[in-house]
Amino acid sequence: AWTWERMALTRARVICGPERLGRTTEAAIHSVLTEGRDPDVLLRDIATMRERIAREHPAASLWDAKYCPGGLVDIEFVCQYLQLRHASENDNVLRANTHDALTAVAEAGFLPPSTAKTLTGALVLWQKVQAMLRLTVAGAFDEEGAPEGQRRALARFAGMTSFEDLRDAVVDASDWARAVFEEILAGPAAALPPEKTDE
């Protein structure tokens, strides 16, 4: 399977069905995710995929929780990279939920606890922002044109006292998460030697 298919498998879980089929499916997923793999290929593939997504789905604004730099995709890619990189030596890092996976990766010693806390904090904030915007906005969120009531509701849902506080928290979360992405994925990938070709 290609790297991005394995990345998707880190989120896979059996929902329902015959018990025997469920066990067989889970065993097959586990087998794929715990295979040893070339860390350079893994790193390059994931960084390249993030670059492609940035080109094809540029963030509409700071409030694009999924695609903005330091948003959900960056956090999930860091998590999935660490899972695929280390599952062959410690399968305890395999959790379908990103928050749980980041905690497990840190507990296994593959991510500093402070970094895991930064990422999980940003993840929770982005998930709250995304959920509320999906309920209240059709299309991209226009913070300048948004009604004051909507701005207050968004801040309250995210646990903030004001929209300005929420905006500051979103900026900080995206900056922190992007810095982690650059440190763990983008920077090391850029430092890899040029990929060999068959020419």
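Since the model is a prediction, treat every value here as computed from it, not as a measurement. One-based numbering along the sequence shown.
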>> Could you tell me if the side chain of R178 sits less than 4.5 Å from the side chain of D74, heavy atoms only?
In response: yes

> Is a side-chain N or O of R95 found less than 3.5 angstrom from the main chain of A104, in a donor-acceptor match?
Replying inline: no

> Would you say M160 and W176 are hydrophobically clustered, going by side-chain heavy atoms of ILVMFWY under 4.5 Å?
Replying inline: no

>> Are V171 and V180 linked, directly or through intermediate hydrophobic residues, by side-chain heavy-atom contacts shorter than 4.5 Å (ILVMFWY only)?
In response: yes

> How close do M132 and F157 get, heavy atom to heavy atom, and via which atoms?
Replying inline: CB-CD2, 3.7 Å

>> Any side-chain to backbone donor/acceptor pair from R13 onto R11? Under 3.5 Å, distance only.
In response: yes

> Do the ring planes of H86 and F110 sit parallel (below 30°), tilted (30 to 60°) or perpendicular (above 60°)?
Replying inline: parallel

> Which one of L125, L135, L72 satisfies the side-chain contact (heavy atoms from CB on, under 4.5 Å) criterion with Q130?
Replying inline: L72

> Going only through I, L, V, M, F, W and Y residues with side-chain contacts under 4.5 Å, is there a path from L84 to V41?
Replying inline: no

> Does the pair E164/R167 count as a salt bridge with the N-to-O cut at 4.0 Å?
Replying inline: no

>> Within the structure provided, determine whether D91 and H30 are in side-chain contact (heavy-atom separation under 4.5 Å).
In response: yes

>> Tell me if the CD atom of E148 is crowded by more than 12 foreign heavy atoms within 6.0 Å.
In response: yes

